[in-house]
Amino acid sequence: MQTLAFWILLLAFMGAFAAQVATRVRLIAGASNTFSVDQLGFRIRRFLFDVVLQRQTIRERPVPGLAHAFVFWGFIAFGGYTLVEFLHGLGLVDLTHTGWFGAYRLLLTPFAVAVLGGIVFLFIRRAFVRPVGLGKTVSVESLVIAAFIATLMITFLLTYRLDEATLAGRVNWWVHAVIILAFMALIPASKHFHLVLSPVTVFLKSPELGNLPNLDFEKEQVGLETVKDLGSKSVLDAFTCVECGRCQVNCPAWGAGKELNPKEIILQTQHALLAGEPGKTLGEIYSEKVLWQCTTCGACENQCPVGIEHLPILIGARRGLVSNGDAPESLGAVYNHLERRGNIWGLGSDQRQKFVESAQLETFDPRTHDVLVWLGCAGAFEADFQKSLRSMFEILRKKNVRFGVLSKEKCTGDVAKRTGNEYMFQELANANIEDLKAAGPKKIVTSCPHCVKTIGNDYRKFGYEVEIVHSSVFVEELTRVPGRSSLMTDASEGRRDNVTFHDPCYLGRYAGTVDEPRALLTRFGADISEPERNRENPYCCGAGGGLLFADKEEEPGTRISDVRFKQLQATGANTVVTACPFCAIMLKGAQASAGPGGDATQFVDLMTYVNGKLQPHA
Ligand code: SF4
Ligand code: SF4
C-alpha cells in the first residue's frame, strides 16, 4: 500500500517538475545558440573552484558563503542516500541494510549537522538581518525552502533514534520523502532552480569578462530588440539567478542612487521570457533610461556566484536601440567625431602629429623598435594625459627601450563597442587592424586600460592577435632589479609618500592588473592607503560605457565619480594615483565639485609618479 502511494506521489511530483522544466528548456533551446566551450581547460578549472569548492560564493561574503557552501555540499552528498531510499520506497531494490550504506550514512552525519547549522544561519539572516541586496520584502518561498532543508536534516538524524519498522520511524521516513518530492515540484519555478542550472551556467560563462561577440551584419544581426533575440546563454542566465543581490550591491550605478539594478535586469528578463511578450522591446522591459546608466564596469558579472553575464544583455539591448536610431543625444556628438575624425574628441590628426613631433616619437619599425606604444584618443589629444605619456617615454628612454608609434591611429572603438554602435566599432577596428598588421608589432604598450581590453580582446575576434600590456605592467618589469628593494632618487630616499591608488575597472577588474601598479608605487617611495573597493573589485569612476560624455546635470542620484572621490578622500592620503586617462578626468571633475576640503587632494598619474623618482639612466 505504502509502495503504491509512493509510486503515485513520485510520478505526480515528477510530472510537475518535468512540465516546468520543459517550459524553460524550450525557451533556452529556442534561442539562437550562444553557448561556447572554448578554453576548456580554463572552464574545467573554474568549475572545480567555483562550483565544487564554492570559491566565488565564499570569497566575497565568507560567513554566509560558507553556510551556503555547506548546504550545497550536503545537497551533493545526500544524492546517493536519496536514490537508495527512493529505490527502497518504490519496492525496486533494498540496499538500506548493506554494510556500505551503513558506512555512507555514517559519513553523511557531519554533513547533516553542517547543513543544519548553515541553513539556520541563512534563515535568520534572511528573516531578521535582511541585507539590502536580498530585497525589501522577506521572501516567504526562501523561508519555506529553508524550513524544508532543516526538516530533511532533522529527519535524517532521527533515523539513528527511530526504527524504520515502528510507526514513528515510518512517519519520519514519509516526512523526509514527501519534502524531497515537494522540493522537486517547487524548484523549477523558484530561484532554487539554480541548484540544477548553476553548474551548467558557470561552466558556460565566457572566460572573458564583458564578452561581446561581433555582430554579423551579413546575417542582418542588429542586436537585441525583444526577448526573442536573446541568445541561449542569456536565457539560461535568466533562469539561473538566485536573487542574492551581489550584482546589485556592487553596481556603482545602483550605489550612486540610479535606477539601474543589474539584478532587476536579470529578473525582468526572466519574467518577460515566461510571460511570452514577443512584441515588447527590451527598451520597454528595462526602460531605455536604465540601459544608458551602465558604465560597463563589469562588477555585476564578476561578482555573480552562478555565472550570469549581464553585459551581453545590457549592451545587446543598447545595440538594438542604436540600430533603431535611439541612442541618447550625448552620444550623437561622439559618434559624429568618430565618424569624421576617427577620435572621440573630434580633433584633427594634425594635433596628434604635433604631439608626436614635440615628444620626438619615431614611426614604429619592427626592425629597429622593441615595442609599439599605442597612444589612444587621450594620449594623442588630451593635454593632461600627454604629460603622463611624456613621463612614460622618459622612463622607456632611461631604460633604453626602443619604441615607436603608428604614423596614424584611430580610436580603438571602445566607446562605440560599449555603447552598442557595433557598425562604427567594426569600421574603426578594421582600419586599425589593417594598420597594425602593416606595422607588425609583436608587443604593444599603452597607458589606456580601455585600449588594452579593446585591442587585446575585441580585436582578437577579428583574428588579430598581439600581446598588449598596460604601461604599469611593462614599466614594473623594466624597473625590477633583483636584490634591490628600491630605486628611489637620492633626494627622496628615506621619505615616503602617503598615496592612495584608484584601480581602473578596465585594469583591475578586466585585466586583473592589480599588483604591478602597487609594486611600482612601493618601489618608488610610496606607502599605499587602500580605499574601500579596490584591486579586482574597484568602484568605478563613472566614465566607462560612454558615460564620460553623458550630461552630468541630467544624472539622477549622485554622480558615480563623486561617490568614488569621497571613498578615496576617506583614506586620508592626499595624493590619488591614477592609471587611466578617463578615471583622471572623472575624478578631477568630482574634486572640482567636492566643495571645501576637496582641493587638498592632488592627482598624479602612475607614470609621472614613477618617472619623478627614477634615477636618470637607472
Ligand atoms: S557593468 Fe557595472 S554599471 Fe553596468 S550594471 Fe554591471 S555593475 Fe552596474
Ligand atoms: S544575477 Fe547573479 S549576482 Fe545578481 S542576483 Fe542573480 S545570482 Fe545574484
Side-chain angles (χ1 to χ4, degrees), residues 50-51 54 56-57 59-61 64-65 68 72 131-135 139 142 190-195 197-199 201-202 205 209-212 233-271 286-287 289-318 417-420 453 504-506 508-510 533 536-548 550 555 557 559-561 563-564 586:
D50 287 348
V51 177
Q54 295 277 290
Q56 177 85 338
T57 311
R59 193 164 44 193
E60 201 203 346
R61 298 173 183 169
H68 180 277
F72 172 77
V132 64
L134 295 179
S139 158
S142 295
S190 75
K191 63 185 181 180
H192 295 88
F193 201 26
H194 80 276
L195 279 169
L197 295 184
S198 63
T201 315
V202 169
K205 182 180 183 176
L209 179 64
N211 178 31
L212 298 167
K233 175 62 169 57
S234 296
V235 179
L236 174 68
D237 287 350
F239 295 126
T240 310
C241 180
V242 61
E243 300 176 31
C244 65
R246 290 177 193 225
C247 54
Q248 173 185 335
V249 296
N250 282 288
C251 173
W254 184 82
K258 323 261 181 242
E259 292 96 333
L260 172 61
N261 177 347
K263 170 175 153 181
E264 282 307 315
I265 294 287
I266 300 301
L267 295 180
Q268 284 164 350
T269 309
Q270 185 193 105
H271 296 151
Y286 310 130
S287 122
K289 190 170 55 177
V290 158
L291 290 172
W292 296 109
Q293 289 174 356
C294 173
T295 69
T296 72
C297 73
C300 47
E301 222 167 276
N302 212 36
Q303 295 301 118
C304 179
V306 294
I308 288 170
E309 295 169 84
H310 304 70
L311 288 166
I313 299 179
L314 288 162
I315 299 180
R318 285 182 174 182
K417 180 91 184 168
R418 271 16 105 184
T419 57
K453 161 79 176 164
C505 294
Y506 276 73
R509 185 176 293 114
Y510 276 90
R533 296 288 300 270
E536 290 91 350
N537 191 26
Y539 194 91
C540 185
C541 72
L547 294 187
L548 177 68
E555 274 189 57
R559 286 183 201 158
I560 293 172
S561 53
V563 176
R564 185 51 169 169
M586 296 303 282

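Start at 1 and go down the list; that is how both ligands and their atoms are numbered. Atoms considered below: every heavy atom in the structure, side chains included; atoms not considered: hydrogens, waters and symmetry mates. Residue numbers start at 1 and run along the sequence shown.
Within ligand 1, counting atoms from 1 as listed, the ones closer than 4.0 Å to a heavy atom of L314 are 5 (S). The ligand atoms of ligand 2 that sit less than 4.0 angstrom from a heavy atom of V242 are 6 (Fe), 7 (S). Shown in contact with G245 at under 4.0 Å from a heavy atom are these atoms of ligand 2, numbered in order with element: 5 (S), 8 (Fe). Those atoms of ligand 1 that come under 4.0 Å of a heavy atom in T296, given as number and element, are 1 (S), 4 (Fe).
Looking at atom 1 (S) of ligand 2, its nearest protein heavy atom turns out to be H310 NE2, 3.4 Å. Ranking the protein heavy atoms by distance from atom 6 (Fe) of ligand 2 puts C241 SG, 2.3 Å first. The protein non-hydrogen atom at the shortest distance from atom 8 (Fe) of ligand 1 is C251 SG, 2.4 Å. Counting only heavy atoms of the protein, atom 2 (Fe) of ligand 2 lies nearest to C304 SG, 2.3 Å.
A heavy-atom separation below 4.0 Å is not found between N261 and ligand 1. Ligand 2 does not have Q303 within reach: every non-hydrogen atom of the residue lies 4.0 Å or more from it.
Under 4.0 Å from ligand 1, the heavy atoms of L260 that appear belong solely to its side chain. When heavy-atom distances to ligand 2 are checked against a 4.0 Å cut-off, I308 comes that close only through its side chain, counted from C-beta outward.
With respect to the salt-bridge test (charged N to carboxylate O, under 4.0 angstrom), the residues E259 and K289 qualify. Taking 4.0 Å as the cut-off between side-chain N and carboxylate O, K233 and E309 count as a salt-bridged pair.
Heavy atoms only, all atoms of each residue included: R318 and T296 are closest at NH1-CG2, 4.1 Å.
Taking all heavy atoms of C300, G133, C247 into account, the minimum distance to atom 3 (S) of ligand 2 is reached by C247.
A donor-acceptor pair under 3.5 Å is formed between the side chain of R509 and the backbone N or O of P538.
Ring geometry for H194 against H192 counts as tilted: the plane angle lies between 30° and 60°, on a 0 to 90° scale.
Among the backbone and side-chain atoms of C244, no N/O/S atom is found under 2.8 Å from atom 2 (Fe) of ligand 2. Taking backbone and side chain together, C294 holds an N, O or S atom under 2.8 Å from atom 4 (Fe) of ligand 1.
Across Q248, R246, E60, a single residue satisfies side-chain hydrogen bond (donor to acceptor under 3.5 Å, both in side chains) together with Q303, and that is E60.
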